[in-house]
Amino acid sequence: MEKLNTTVSVKMEANIVVLGTESVGKSALTVRLLTRRFIGEYGDIESIYSHSFIVNGREMTFNIWDSPYSEGLSTEMSLFHKKVQWADGYVLVYSICDRASFNTVSRLIQTIKSTKDYQSADKAPIVIVGNKRDLDHRRTVLSEEGRLLALNTGCLFYEVSAAENYHSVLTVFHGLVDRMKDAKLTSKRHLRFRGIVKSMSAVFARRRTDSL
Ligand code: GDP
Ligand code: MG
């Protein structure tokens, strides 16, 4: 007699988009989360990385979309809308040494919140991340400013150093997952961006090529 397996394990999957201006540490943060390592230089790779973690005792796959910053072009705007449509959560990164990057994060929050896809969906959580905390002597954005922006916009806020610390980076993603709705994460729609899916090894392959 056929025995039914009643302990069906539900697959949890979250699409996360990392945004922010150039050189704030988006790739450093992503690579730190996935490999626990800081490799220094990352190039301008557009990638979606897939990686599984155990979060609160459950296996969870993160698809993390890391892309170079670009603003203003209409083709970029349509890509931006695709990201908003795809995302279950956002990591918006600025550098604590770069005020313009902080202003951009503030603008990005408004842009994300004003898109139709964001408004019609369950609101995907947004985390504001002030990176490069190790460069405190060059700080131009106060922690309080980040905290206040988060308070005013209903976002989470963390200051981290991708260069120095794995755990602070991990906290960012845990914070995000805690705010995501389970129902949304189990009924995953298919990835429609296979063309730019690359494996983690792409980062290291690129580095090797660069250093030749
Ligand atoms: P992206 O353009 O936002 O992807 O930025 P990258 O991840 O490529 O980082 C840009 C530069 O900042 C690189 O030289 C990194 O080594 C450096 N960087 C990234 N995160 C940190 C950090 O936490 N502290 C310091 N001191 N440098 C960092
Ligand atoms: Mg990058």
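Note that the numbering runs from 1 along the sequence shown for the chain. Heavy atoms only: backbone and side chains are in, while hydrogens, waters and symmetry mates are out. Both ligands and their constituent atoms are indexed starting at 1 by order of listing.
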Discussion item. Check this for me - ligand 1, Tyr42, N or O atoms closer than 3.5 angstrom, yes or no?
Written reply: no
Discussion item. What protein heavy atom lies closest to atom 20 (N) of ligand 1? Include the residue and the distance to one decimal.
Written reply: Asn131 ND2, 3.1 Å
Worksheet entry | Nearest non-hydrogen protein atom, atom 14 (O) of ligand 1 | Glu41 OE2, 2.9 Å
Response to the item:
closest protein heavy atom to atom 25 (C) of ligand 1 is Asp134 OD2, 3.5 Å
Worksheet item: Would you call Glu159 and Arg147 a salt bridge, using N to O less than 4.0 angstrom?
Response: no
Practice prompt. Using a strict cut-off of 4.0 Å, indicate which atoms of ligand 1 neighbour a heavy atom of Ser161.
Written response: 23 (O)
Worksheet entry | For Gly89 against Ala124, the heavy-atom pair lying closest together | N-CB, 3.9 Å
Discussion item. In the structure I gave you, are the side-chain heavy atoms of Phe173 and Val91 within less than 4.5 Å of one another anywhere?
Written reply: yes
Worksheet item: If you measure from each non-hydrogen atom of Phe38 to ligand 1, which part falls under 4.0 Å: side chain, backbone, both or neither?
Response: side chain
Discussion item. Considering non-hydrogen atoms of the protein only, which is the closest contact for atom 15 (C) of ligand 1, and what is the distance?
Written reply: Gly40 O, 3.1 Å
Worksheet item: At their closest point, which heavy atom of Pro125 faces which heavy atom of Met180, and how far apart are they?
Response: CG-CG, 3.8 Å
Discussion item. So if I count the atoms of ligand 1 from 1 in the order they appear, which ones are less than 4.0 Å from some heavy atom of Thr21?
Written reply: 3 (O)
Worksheet item: Is a donor on one side and an acceptor on the other found under 3.5 Å between the side chain of Asn15 and the backbone of Trp86?
Response: yes
Worksheet item: Strictly by modelled atom types, are Thr21 and Thr104 linked by a side-chain donor-acceptor pair under 3.5 Å?
Response: no
Worksheet item: Is the closest side-chain heavy-atom distance between Ile126 and Leu156 below 4.5 Å?
Response: no
Discussion item. With heavy-atom distances below 4.0 Å as the criterion, list the atoms of ligand 1 near Ala28.
Written reply: 7 (O), 19 (C), 20 (N)
Practice prompt. Establish, from distance only, whether the side-chain atoms of Ser27 and Asp66 form a donor-acceptor pair under 3.5 Å.
Written response: yes
Item to complete: Confirm or rule out an N/O/S atom of Ser23, from backbone or side chain, lying less than 2.8 Å from the Mg ion (ligand 2).
Response: no
Worksheet item: In the protein, which heavy atom is nearest to atom 2 (O) of ligand 1, and how far is it?
Response: Ser23 N, 2.8 Å
Discussion item. Heavy-atom count check: over 12 atoms from other residues, nucleotides or ligands less than 6.0 Å from Arg99 CZ?
Written reply: yes
Discussion item. For atom 6 (P) of ligand 1, what is the closest protein heavy atom, and at what distance to 0.1 Å?
Written reply: Gly25 CA, 3.8 Å
Worksheet entry | ligand 1 atoms in contact with Lys26 (distance to a heavy atom under 4.0 Å) | 1 (P), 2 (O), 3 (O), 4 (O), 5 (O), 7 (O)
Fill in: Protein heavy atom at shortest distance from atom 18 (N) of ligand 1
Lys132 CE, 3.8 Å
Worksheet item: Within the structure, does Gly43 bring an N/O atom to less than 3.5 angstrom of an N/O atom in ligand 1?
Response: no
Worksheet item: So, Ser95 and Asn131: side-chain donor and acceptor under 3.5 Å apart, yes or no?
Response: no
Practice prompt. Have a look at ligand 1 and work out which part of Leu135, if any, has a heavy atom under 4.0 Å from it: side chain, backbone, both or neither.
Written response: side chain
Practice prompt. State the atoms of ligand 1, each with its element, that fall below the 4.0 Å cut-off from a heavy-atom position in Ser27.
Written response: 4 (O), 7 (O)
Worksheet entry | Check: Val160 N/O within less than 3.5 Å of ligand 1 N/O | no
Fill in: Heavy-atom check, side chain of Val93 versus side chain of Val18, under 4.5 Å
yes
Worksheet item: Under 4.0 Å from ligand 1, counting heavy atoms only, is it the side chain of Glu164, its backbone, both or neither?
Response: neither
Fill in: Student check: side-chain heavy atoms of Thr171 and Tyr158 closer than 4.5 Å
yes
